[in-house]
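The following block contains the structure, expressed as structure tokens.
Keep in mind it's a predicted model, so treat the numbers as computed, not measured.
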Amino acid sequence: MRLVVASNRLPVVLTPKPGKGWSVEPAAGGLVTAMEPAMRRGGGVWVGWSGAPAVGQPELQRALGSELGERPYGMRAVRVEEAVHRRFYEGFSNQVLWPVLHGLPPSPAVDSLEWESYREVNRRFARALARIAGPNDLLWVHDYHLMLVADELRSLGMENRIVFFLHTPFPRLLELEKAPHHEALVRGLLSYDLVGFQTPRHESNFLEVVDAIGDRGVKGHRWASPKDRPERRRGRSGHFPISIDFEEFAEGAASSQVVERSTHLRRELNGRTLVLGVDRLDYTKGLPEKLHGFDRALHRFPELRGKVVLRQLVVPSREAVPAYVETKARVEELVSKINGEWGDGGWTPVDYRYERWEREELLAHYRIADAALVTPVNDGMNLVAKEFCAANGGSGVLILSAFAGAAGQLGHSALLVNPRDPESLAQAIRRACAMPAEERDARMTAARRSVRVSNVHRWVSSFLEAERRVTDPR
Ligand code: ADP
Ligand code: F6P
């Protein structure tokens, strides 16, 4: 069986260079971090958007081909005109679905053109998959951008197994209903043979919605297509908490370049405690909430002043979507306020970086951080939390939002916080800074063990194992 994976983004982003040729960068985000090592191990083909404008298909394919190098898997770009892709990606996917899946209202600025583009791009993906897939291939579609692909593939007569994994949360019916066309989207999901979620809660929210929409018989985690459909299929859901390639992060963080860089970083800190934040710029990541919590900690606990630095990496993301521009402005305003109020000539409390780091730089920071502050207001999983545990060279303390999917696995070893309560954050920051070495060690050892065992390869196996257990009525 060959695996054919489809996701909006390919693991690389192509940008045309002035003149001729392409610059190629790794794509940022949890989906790529998890799936890339899985594809390296298992091989197959990855179908997605290259990030590039829709130039000729042969030119894109050549650029991707030259990027393949040692990768044991193929990449195929799906070609979509810029205007359609913009309405699909910046419009329906990221101004309707993304907020609604995270329990927030959709943007009112989006209308039926965006929905049409969403359907169109799903159709294009389906056609691309139908061209590539052989009869025994397993088609594994990822994330909220592509909920309708199985439906489209079935109308093209494809009989393959088609499975889906949602990387984001799935909300209660009351919240989902705020998305226009939510019923069509849920019906689209029911055309998959298996639909996977990050946590039991997201799965049970989904089953509640399916029950309410009501034209499929749901029993436990299974459903059947309505009786009036010519072809009856059965499907099921499950929860599969995603993870990282533990060894890749642990070994990478112990490499000589990373050790050398981290020694340098440590020296620069001049004995101060490093609290690290690494987030894509996104209003779900709780960045203003984190800054309010840090500010509160400096107010409440004078012993932290001059002694602690919050180094916050913010990775640029979805910069054309207005809510992201607003979040950036809000974050930057808070950073200057905190630095203006508390900082002095020799100490800048918040060391804010709006940039992308190379993997080595990220690992060097994970390695030396005394604590990581991971405070999303709602997050499917949050792989940064797991990366910190895998790469930390000592016994850093993980301060983790109770609303991250990762809390289900790491809640016992982390300090769990409510990011909307600055006092809860402030107390956790102080506790992390003052925690005795023995307790830090015990917590970090337990967290590392858990991430090592429940790694991304195990996640893939459990998902594929569940796929094999779906009964096929054909
Ligand atoms: P999300 O998928 O919402 O972005 P996650 O926390 O699950 O959230 O994943 C973020 C991923 O992006 C992590 O794997 C992190 O290492 C990765 N990342 C962070 N900074 C960069 C960067 N500069 N370049 C590439 N990947 C990055
Ligand atoms: O589920 C989170 C997600 O949408 C992933 O698809 C991706 O890993 C990440 O966010 C980055 O987002 P984008 O592809 O929009 O840059």
Sequence-distant partners of F125, ring-ring contact (aromatic ring centres under 6.0 Å, His included), two or more places apart: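 F125 satisfies ring-ring contact (aromatic ring centres under 6.0 Å, His included) with no residue once adjacent residues are dropped.
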
Between OG1 on residue T327 and CZ on residue R318, distance to nearest 0.5 Å: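 Going from the OG1 atom of T327 to the CZ atom of R318 covers 11.5 Å.
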
Do H412 and R443 touch side chain to side chain, with heavy atoms closer than 4.5 Å?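 Side-chain contact under 4.5 Å: no.
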
Exceeds 12 heavy-atom contacts within 6.0 angstrom, atom CZ of R201: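 Atom CZ in R201 is not packed in, count stays at 12 or less.
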
Report the distance from atom CE of M147 to atom CZ of F164, rounding to the nearest 0.5 Å.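 If we round to the nearest 0.5 Å, M147:CE and F164:CZ are 5.0 Å apart.
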
Can you list the steps and then say if D379 with T284 is a side chain to side chain contact (heavy atoms under 4.5 Å, CB included)? CA-CA 7 Å; D379 208 336; T284 63; 5.6 Å; no

Between the side chains of E326 and R330, is the shortest nitrogen-to-carboxylate-oxygen separation below 4.0 Å, so that they form an ion pair?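 No, no charged N to carboxylate O under 4.0 Å.
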
Between the side chains of Y73 and E36, is a donor N or O closer than 3.5 angstrom to an acceptor N or O?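 There is such a pair (donor and acceptor under 3.5 Å, judged by atom type) between the side chains of Y73 and E36.
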
Interatomic distance, H221 atom NE2 to S204 atom OG [nearest 0.5 angstrom]: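 The OG atom of S204 is 9.5 Å from NE2 of H221, to the nearest 0.5 Å.
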
Would you say that S50 contacts L10 through its side chain, given a criterion of any heavy-atom pair below 4.5 Å between the two side chains?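 Counting from C-beta outward, S50 and L10 do come under 4.5 Å.
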
List the atom of P376, the atom of N382, and the distance in Å for their closest heavy-atom pair.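 Nearest heavy atoms, P376 then N382: CG-ND2, 4.0 Å.
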
Taking atom types as modelled, is there a side-chain donor on D421 or N418 under 3.5 Å from an acceptor on the other?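 The criterion, which ignores hydrogens and geometry beyond distance, is not satisfied for N418 and D421.
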
How about W22 and P16: do any of their side-chain heavy atoms sit closer than 4.5 Å?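 They are in side-chain contact.
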
Side chains of Y283 and N378: donor-acceptor distance under 3.5 Å anywhere?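 On atom types as modelled, these side chains do not qualify, holding no pair under 3.5 Å.
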
So, taking the atom named CZ in R222 and the one named OG in S237, what distance separates them when rounded to the nearest 0.5 Å?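 One finds 9.5 Å between CZ of R222 and OG of S237.
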
If every non-hydrogen atom of A253 is compared with every non-hydrogen atom of L363, which pair is closest and at what distance?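 Scanning both residues completely, I find the closest heavy atoms to be N-CD1, 3.9 Å.
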
Quick check: do L129 and L153 have side-chain heavy atoms less than 4.5 Å from each other?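 A side-chain contact exists here, since the closest heavy-atom pair is under 4.5 Å.
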
Could you tell me whether the side chain of W98 reaches within less than 4.5 Å of the side chain of D282, counting heavy atoms only?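 They are in contact (side-chain heavy atoms under 4.5 Å apart), so the answer is yes.
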
Check whether any side-chain heavy atom of W459 sits under 4.5 Å from a side-chain heavy atom of F165, and report yes or no.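 Heavy-atom side-chain distance check passes, below 4.5 Å.
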
Using the ring-ring contact (aromatic ring centres under 6.0 Å, His included) criterion, which residues pair with H142? Sequence neighbours excluded.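 In terms of ring-ring contact (aromatic ring centres under 6.0 Å, His included), with neighbours along the sequence ignored, H142 is linked to W140, H167.
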
Contacts of E120 that satisfy salt bridge (charged side-chain N to carboxylate O under 4.0 Å, His left out) - sequence neighbours left out: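 Salt bridge (charged side-chain N to carboxylate O under 4.0 Å, His left out) check on E120 returns R123, R124.
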
Taking D137 first and then R161, would you say they form a salt bridge - that is, a charged N and a carboxylate O separated by under 4.0 Å?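 Result for this pair is no, no salt bridge flagged.
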
NE2 (H182) with more than 12 external heavy atoms under 6.0 Å: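 Enclosed: over 12 neighbouring heavy atoms sit under 6.0 Å from NE2 of H182.
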
When you measure from the side chain of N392 to the backbone N and O of A369, does any donor-acceptor pair fall under 3.5 Å?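 Present.
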
So with a 6.0 Å cut-off around CD of E358, is the heavy-atom count from everything else above 12?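 Atom CD in E358 is not packed in, count stays at 12 or less.
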
What are the two closest heavy atoms between M444 and G396, and how far apart are they?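 Shortest heavy-atom contact: CE-O, 3.6 Å.
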
Who are the side chain to side chain contact (heavy atoms under 4.5 Å, CB included) partners of P200, not counting sequence neighbours?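 Side chain to side chain contact (heavy atoms under 4.5 Å, CB included) check on P200 returns H239.
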
Check the pair V78 / W49 against side chain to side chain contact (heavy atoms under 4.5 Å, CB included), numbers first and verdict last. CA-CA 6 Å; V78 178; W49 173 54; 6.0 Å; no

Tell me, yes or no, whether the heavy-atom count around L174 atom CG, taken from other residues, nucleotides or ligands under 6.0 Å, exceeds 12.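 It does not: L174 CG has 12 such atoms or fewer within range.
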
So with a 6.0 Å cut-off around CZ of R353, is the heavy-atom count from everything else above 12?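 Buried by this count: over 12 neighbours within 6.0 Å.
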
What pairs with F249 under ring-ring contact (aromatic ring centres under 6.0 Å, His included), at least two apart in sequence or on another chain?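 Applying ring-ring contact (aromatic ring centres under 6.0 Å, His included) to F249 gives none.
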
Between the main-chain N or O of L281 and the side-chain N or O of D279, is there a donor-acceptor pair closer than 3.5 Å?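 Not confirmed, D279 side chain does not pair with L281 backbone.
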
With a 3.5 Å distance limit and no angle check, can you tell me whether D193 reaches the backbone of I162 through a side-chain donor-acceptor pair?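 Such a contact is found between D193 side chain and I162 backbone.
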
Quick check against the 3.5 Å criterion: does E25 have a side-chain atom that pairs as donor or acceptor with the backbone of L14?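 Checked: no pair found.
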
Salt-bridge contact R86-E114 (side-chain N to carboxylate O under 4.0 Å):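 So R86 does not pair with E114 through a salt bridge.
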
Between W115 and L185, is any pair of side-chain heavy atoms under 4.5 Å apart?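 Of all side-chain heavy-atom pairs linking L185 with W115, at least one is under 4.5 Å.
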
In Å and rounded to the nearest 0.5 Å, what is the CG to CD distance from L101 to E175?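 Reported value, rounded in 0.5 Å steps: 10.0 Å.
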
Using a strict 4.0 Å threshold on nitrogen-to-oxygen distance, state whether D151 and R187 make a salt bridge.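 Looking at R187 together with D151, the answer is no, because their closest N to O distance does not fall below 4.0 Å.
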
For the backbone of E251 and the side chain of S255, can you confirm whether one donor and one acceptor N or O come within less than 3.5 Å of each other?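 No; zero donor-acceptor contacts below 3.5 Å.
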
Can a donor-acceptor pair be found, under 3.5 Å and without considering hydrogens, that links the side chain of S413 to the backbone of A446?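 Judged by distance alone, no pair lies under 3.5 Å.
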
Within a strict 4.5 Å, meaning less than it, do heavy atoms of the E387 and L362 side chains meet?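 In contact.
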
Around atom CZ of R356, are there more than 12 heavy atoms of other residues, nucleotides or ligands at under 6.0 Å?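 Atom CZ in R356 is packed in, count exceeds 12.
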
So, R448 side chain and A390 main chain: donor-acceptor pair closer than 3.5 Å or not?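 Indeed, once roles are kept as given, a pair shorter than 3.5 Å links the two residues.
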
Interatomic spacing from CG in L146 to OG in S93 - rounded to 0.5 Å: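 Answer rounded to 0.5 Å: 7.5 Å.
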
Given 3.5 Å as the limit, does a donor-acceptor pair link the side chain of N122 with the main chain of L148, or not?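 Yes, because the side chain of N122 sits within donor-acceptor range (under 3.5 Å) of the backbone of L148.
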
Look only at the side chain of S454 and the backbone of V451, and say whether a donor-acceptor pair between them is shorter than 3.5 Å.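 No: the side chain of S454 does not pair with the backbone of V451.
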
Partner residues of F240 under the ring-ring contact (aromatic ring centres under 6.0 Å, His included) criterion, sequence neighbours left out: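 Scan of F240 (ring-ring contact (aromatic ring centres under 6.0 Å, His included), adjacent residues dropped) gives F463.
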
Using a strict threshold of under 4.0 Å (side-chain N to carboxylate O), is an ion pair present between K328 and E319?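 So E319 does not pair with K328 through a salt bridge.
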
Does one side chain, of W46 or S7, offer a donor that lies under 3.5 Å from an acceptor on the other?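 Yes, a side-chain donor-acceptor pair sits under 3.5 Å.
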
Looking at E360 and R261, does any basic side-chain N land under 4.0 Å from a carboxylate oxygen?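 Salt bridge: no.
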
Counting N and O atoms only, with roles assigned by atom type, does the side chain of T168 sit under 3.5 Å from a partner on the main chain of G380, one being a donor and the other an acceptor?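 No, because the side chain of T168 does not come within donor-acceptor range (under 3.5 Å) of the backbone of G380.
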
Salt bridge present between R468 and E465 (N-O < 4.0 angstrom):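 Salt bridge flag = yes for E465 with R468.
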
Starting from the C-alpha separation in whole Å, work towards a yes-or-no answer on side chain to side chain contact (heavy atoms under 4.5 Å, CB included) for R449 and T445. CA-CA 6 Å; R449 191 182 312 118; T445 306; 3.9 Å; yes

Applying side chain to side chain contact (heavy atoms under 4.5 Å, CB included) to H85 and N8, what does each step give before you reach the verdict? CA-CA 10 Å; H85 195 272; N8 172 51; 3.4 Å; yes

Please test R87 against E82 for salt bridge (charged side-chain N to carboxylate O under 4.0 Å, His left out), starting from the C-alpha separation and ending with a verdict. CA-CA 9 Å; R87 287 196 287 264; E82 240 171 304; over 6 Å; no

Given the side-chain rings of W223 and Y192, with only the six-membered ring counted for Trp, is the space between their centroids under 6.0 Å?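 No, the ring of W223 stays outside the 6.0 Å limit from the ring of Y192, centre to centre.
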
Donor-acceptor pair between T375 and E289 side chains, under 3.5 angstrom: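 On atom types as modelled, these side chains do not qualify, holding no pair under 3.5 Å.
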
